[in-house]
Amino acid sequence: MSVRVRYAPSPTGLQHIGGVRTALFNYFFARAMGGVFILRIEDTDQERYDPRALQDIYDTYDWLGISWDEGPRVGGPRGPYFQSQRTELYREYAQKLVDSGEGYHCFCTAERLESLRSGQEARGEGQGYDRLCRGIPPEEARARKAAGEKCVVRLKVPLEGSTSFHDRLIGDIERANRDINPDPVLLKSDGFPTYHLANVVDDHFMGITHILRAQEWIPSGPLHILLYRAFGWTPPEYCHLPMVMGEDGKKLSKRHGSTSLVEFRDQGYLPEAIINYVSLLGWSYDDTRQMFSRADLERLFSLDRLNKAAAVFDYKKLEWFNGVYIREKPDAALKDELLPFMRRAGLVEDPATPEQEAVLLAAAPLVRERLRFLGDAPELLRFLFRDPPPYSREELLPKKTEPEEILRYLGEIRSLMEGFFHRSDPENEEEFRLLAERLHTRLGSLLMPLRVAVTGSKVSPPLFESIRILGKEKTVARLVAAMEMLAARE
RNA sequence: GUCUCCUUCGUCUAGUGGUUAGGACACAGGGUUUUCAUCCCUGCAACAGGGGUUCGACUCCCCUAGGAGAUGCCA
């Protein structure tokens with residue numbers, strides 16, 4: 001039987017690391033098995049639905065380069081792939097449960113459930129519905145419903161015995177029926193299904209063969225088994241993936257820093273880094289290999305190498321992967337990646353002029369090894385597009401040097417600039433060494449003031465290459481500005 | 001409260017009934033270097049605890065502890 005898996009997000013918030021991990025594992029599993037990957041939108045919560053969240057799902061996976069074989073935008077034989085468009089189906093199957101006696105109508109109001117819950121909490125009892133409506137005779141329930149009384153459909157969870165299922169990763173999981181959520185709601189009073197019903201019905205009709213989802217779903221596993229049984233269906237194979245935690249060991253959330261994918265993208269993370277890093281959260285290939293491209297994972301991913309324990313999300317390691325992938329980018333590709341960030345910083349126009357593109361292309365090799373994120377680029381390269389930011393007089397003066405001395409050096413350097421552009425970088429370096437020797441100073445004492453004058457900072461990309469990109473005119477002008485600053489009396 | 005799952009360096013992980021318990025990130029030190037960074041080298045550091053089983057357990061079993069998750073007309 002060919003593999004069919006799905007990622008089924010609900011459009012209620014931005015895609016975050018945890019969701020992406022689940023999506024990725026489903027996608028890679030499908031690819032590695034030659035199966036089908038389905039995207040299904042679980043938009044059954046009318047209250048929390050957010051159209052921006054749907055767009056975010058598209059944006060996130062488009063950006064990551066993850067595509068689905070069936071789902072929104074592409075369609076497929078088992079659609080529709082929005083649960084909000086399948087409500088008839090859920091209603092039909094909820095009714096079947098009522099008819100067969102596996103489910104029942106419940107007329108309890110939200111208020112009653114609320115007070116029930118608070119009472120239980122106050123007494124420190126286990127929480128859950130008290131099954132009040134379970135005893136209502138079917139005819140009576142029918143009549144009340146026909147009379148227009150608001151109601152939901154609940155599942156009749158067996159009072160005795162236990163329910164177990166097999167998990168590919170964990171093994172057999174068993175739960176006493178009395179510990180299962182007492183009669184969960186399957187169909188809400190607004191006619192929409194809850195997760196449990198919609199999920200089971202869809203997975204069945206969409207022919208899902210494997211359910212790969214986070215371990216936070218384990219507790220509802222037995223419940224879903226009960227549903228499959230009530231319908232007379234065969235459940236798919238389960239594989240509950242280890243959870244992703246924040247640094248404090250708690251479920252990853254906003255307060256752990258950026259967790260949504262758009263945030264990572266906007267900070268200048270590369271999709272390659274995210275994919276590589278996230279893949280290693282709960283999965284490994286062997287004892288040493290850690291570099292994996294999307295294509296690698298589409299081939300090598302396997303459920304046999306999953307880890308059981310929850311993984312802590314380590315921003316530092318992601319950052320490291322990002323640096324590695326940035327360094328792998330050829331000049332032109334890096335330039336293209338950098339462009340949006342330079343634009344957003346207002347350093348290049350939109351669209352960039354050919355000159356600006358040329359400068360950025362030339363600068364790419366200079367910053368490549370210095371970027372942790374693409375978003376670091378504007379600050380590093382600003383001096384190529386604007387006058388250097390204001391710097392203090394002190395910054396021009398290396399330790400234990402006098403202004404007059406540096407002023408003299410800069411004058412000499414200015415002369416050196418005449419032939420600078422006709423010489424190679426090694427030749428220029430040699431010139432500067434000779435000059436330092438002649439002035440009885442260190443090379444650093446020559447280059448640091450020059451660096452500050454040209455870039456406005458003591459930390460910059462390689463100086464000679466930078467000057468070459470900047471051009472003689474601007475370089476000399478900045479040198480002069482620095483000399484004037486030094487010459488001015490305090 | 002109840003139920004379920006989990007437990008190897010700080011973090012991600014590999015691993016075997018007999019290993020110096022391996023790799024990566026982080027951190028520390030050193031080297032290269034015109035700054036920063038990159039790069040290279042070295043170091044650091046783990047089998048949660050207690051019982052068994054066994055000639056021998058990190059590895060198999062049990063218990064304890066700790067952690068996490070679930071207990072919704074949210075998914």
Side-chain angles (χ1 to χ4, degrees), chain A residues 8-13 42-48 106 108-110 113-114 117 120-121 123-129 150-154 167 169-171 173-176 178-182 184-190 192-196 198-199 214-222 240 242-243 245 247 249-251 277 280-291 305 307-321 323 327 366-372 380 429 432-433 436 442-448 450-452 455 457-464:
Chain A
S10 75
T12 52
E42 307 218 328
D43 53 347
T44 56
D45 187 339
Q46 296 291 281
E47 310 262 300
R48 297 198 307 153
C106 168
C108 291
T109 61
L113 295 176
E114 184 53 43
R117 195 187 334 276
Q120 287 169 334
E121 227 160 273
R123 293 190 297 273
E125 291 172 5
Q127 288 122 36
Y129 181 52
K150 279 231 166 204
C151 64
V152 301
V153 174
R154 287 182 184 273
D167 183 280
L169 216 212
I170 313 293
I173 297 173
E174 184 176 14
R175 202 170 175 189
R178 78 180 110 80
D179 291 325
I180 293 178
N181 180 356
V185 171
L186 300 178
L187 200 65
K188 305 183 233 180
S189 56
D190 65 0
F192 277 81
T194 59
Y195 169 80
H196 303 297
N199 197 260
Q215 283 178 4
E216 61 189 291
W217 291 106
I218 288 182
S220 42
H240 286 91
M243 312 236 312
M245 310 301 219
E247 256 134 359
K250 302 264 167 57
K251 210 170 147 181
Y277 176 68
L280 263 12
L281 248 27
W283 180 84
S284 64
Y285 179 67
D286 62 16
D287 55 342
T288 52
R289 179 167 175 186
Q290 57 173 350
M291 300 307 296
R305 299 203 56 91
N307 202 53
K308 285 185 188 178
V312 173
F313 188 82
D314 183 0
Y315 291 85
K316 279 278 176 46
K317 189 147 187 181
L318 207 213
E319 205 174 298
W320 176 79
F321 270 114
R327 271 167 249 137
L366 274 52
V367 288
R368 172 179 290 116
E369 288 166 2
R370 273 156 262 263
L371 297 174
R372 289 141 60 235
L380 282 170
E429 187 171 335
F432 273 83
R433 281 190 196 285
R442 290 147 33 96
L443 184 60
S445 301
L446 244 39
L447 292 179
M448 191 50 83
L450 176 59
R451 183 184 308 279
V452 172
T455 70
S457 168
K458 287 181 173 178
V459 175
S460 82
L463 193 49
F464 293 165

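Numbered from 1 within each chain, the chains take letters A, B, ... in sequence-line order. These numbers come from a predicted model, not from an experiment.
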When we call it a touch if two heavy atoms are under 4.0 Å apart, what does [X] touch: a base, just sugar-phosphate, or nothing?
| X | result |
| --- | --- |
| A/S10 | sugar-phosphate |
| A/C106 | nothing |
| A/P461 | base |
| A/G221 | nothing |
| A/P462 | base |
| A/L318 | nothing |
| A/T44 | sugar-phosphate |
| A/G444 | nothing |
| A/N307 | sugar-phosphate |
| A/V152 | base |
| A/D287 | base |
| A/K458 | base |
| A/R433 | sugar-phosphate |

Which value, in whole Å, describes the distance between the [atom1] atoms of nucleotides [N] and [M]?
| N | M | atom1 | answer |
| --- | --- | --- | --- |
| B/U33 | B/C40 | C1' | 12 Å |
| B/A21 | B/A28 | C1' | 23 Å |
| B/C27 | B/C74 | C1' | 41 Å |
| B/U13 | B/A70 | C1' | 27 Å |
| B/C61 | B/U54 | C1' | 12 Å |
| B/A75 | B/C44 | C1' | 44 Å |

If you check the [X] side chain, which of [options] turns out closest?
| X | options | value |
| --- | --- | --- |
| A/M245 | B/C73, B/C74, B/A68 | B/A68 |
| A/I170 | B/C74, B/C5, B/U11 | B/C5 |
| A/L280 | B/C12, B/C36, B/U34 | B/C12 |
| A/M243 | B/A68, B/C74, B/U4 | B/A68 |
| A/E216 | B/G69, B/G10, B/C73 | B/G69 |
| A/K188 | B/G10, B/C73, B/C6 | B/C73 |
| A/L463 | B/U7, B/U34, B/C73 | B/U34 |

Discussion item. Please determine whether any donor N or O and acceptor N or O are separated by less than 3.5 Å between the side chain of A/S189 and the base of B/C73.
Written reply: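 Under the 3.5 Å cut-off, the side chain and the base do form a donor-acceptor pair.
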
Worksheet item: Does a distance-only test, which skips hydrogens and angles, find a donor-acceptor pair under 3.5 Å between the side chain of A/R451 and the base of B/U34?
Response: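 Such a pair is found, so the answer is yes.
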
Should [X] be listed as having a side-chain N or O under 4.0 Å from OP1 or OP2 of [N]?
| X | N | value |
| --- | --- | --- |
| A/R327 | B/C39 | yes |
| A/K317 | B/A26 | no |
| A/R154 | B/G72 | no |
| A/N181 | B/U71 | no |
| A/S284 | B/A14 | yes |
| A/T288 | B/A24 | no |
| A/K308 | B/U8 | no |
| A/K251 | B/A70 | yes |

Discussion item. Quick check against the 3.5 Å criterion: does A/S284 have a side-chain atom that pairs as donor or acceptor with the backbone of A/D286?
Written reply: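 Flag not set: sc A/S284 to bb A/D286 has no pair under 3.5 Å.
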
Roughly, in whole Å, what's the span from [atom1] in [X] to [atom2] in [N]?
| X | N | atom1 | atom2 | answer |
| --- | --- | --- | --- | --- |
| A/E429 | B/U35 | CD | C1' | 13 Å |
| A/F313 | B/A26 | CZ | P | 14 Å |
| A/Q215 | B/G67 | CD | P | 18 Å |
| A/W320 | B/C25 | CH2 | C1' | 7 Å |
| A/L447 | B/U35 | CG | P | 9 Å |
| A/M448 | B/U35 | CE | P | 7 Å |
| A/F321 | B/A26 | CZ | P | 11 Å |
| A/R175 | B/A70 | CZ | P | 12 Å |

Fill in: RNA chain B: 5'-proximal contact among A/Y129 and A/W217 (nearest heavy atom)
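Of the two residues, A/Y129 wins.
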
Worksheet entry | Contact nearer the 5' end of RNA chain B, comparing A/E47 with A/A311 |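 Whichever sits nearer the 5' end wins; that is A/A311.
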
Worksheet item: Is there a side-chain contact between A/K308 and A/L169 (heavy atoms, below 4.5 Å)?
Response: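 Yes, at least one pair of side-chain atoms sits under 4.5 Å.
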
Discussion item. Do A/E247 and A/Y315 have side chains that approach each other closer than 4.5 Å (heavy atoms only, starting at C-beta)?
Written reply: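 A/E247 vs A/Y315: side chains touch.
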
Item to complete: Flag the pair A/W217 / A/Y195 as yes when their ring centroid distance falls below 6.0 Å, and as no otherwise.
Response: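 Centroid distance A/W217-A/Y195: below 6.0 Å, so yes.
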
Worksheet entry | Charged N-O contact under 4.0 Å between A/R48 and A/D45 |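 A/D45 and A/R48: salt-bridged.
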
Count the heavy atoms of every other residue, nucleotide or ligand shown that sit under 6.0 Å from [atom1] of [X], and state whether that count exceeds 12.
| X | atom1 | value |
| --- | --- | --- |
| A/R289 | CZ | yes |
| A/E47 | CD | no |
| A/F464 | CZ | yes |
| A/R327 | CZ | yes |

Does [N] have a Watson-Crick or wobble mate here (both distances under 3.5 Å), and if so which one?
| N | result |
| --- | --- |
| B/U7 | B/A65 |
| B/U35 | none |
| B/G1 | B/U71 |
| B/C44 | none |
| B/A21 | none |

Worksheet item: What is the distance from atom CD of A/Q46 to atom OG1 of A/T44, rounded to the nearest 0.5 Å?
Response: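 Taking CD in A/Q46 and OG1 in A/T44, the distance rounds to 8.0 Å.
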
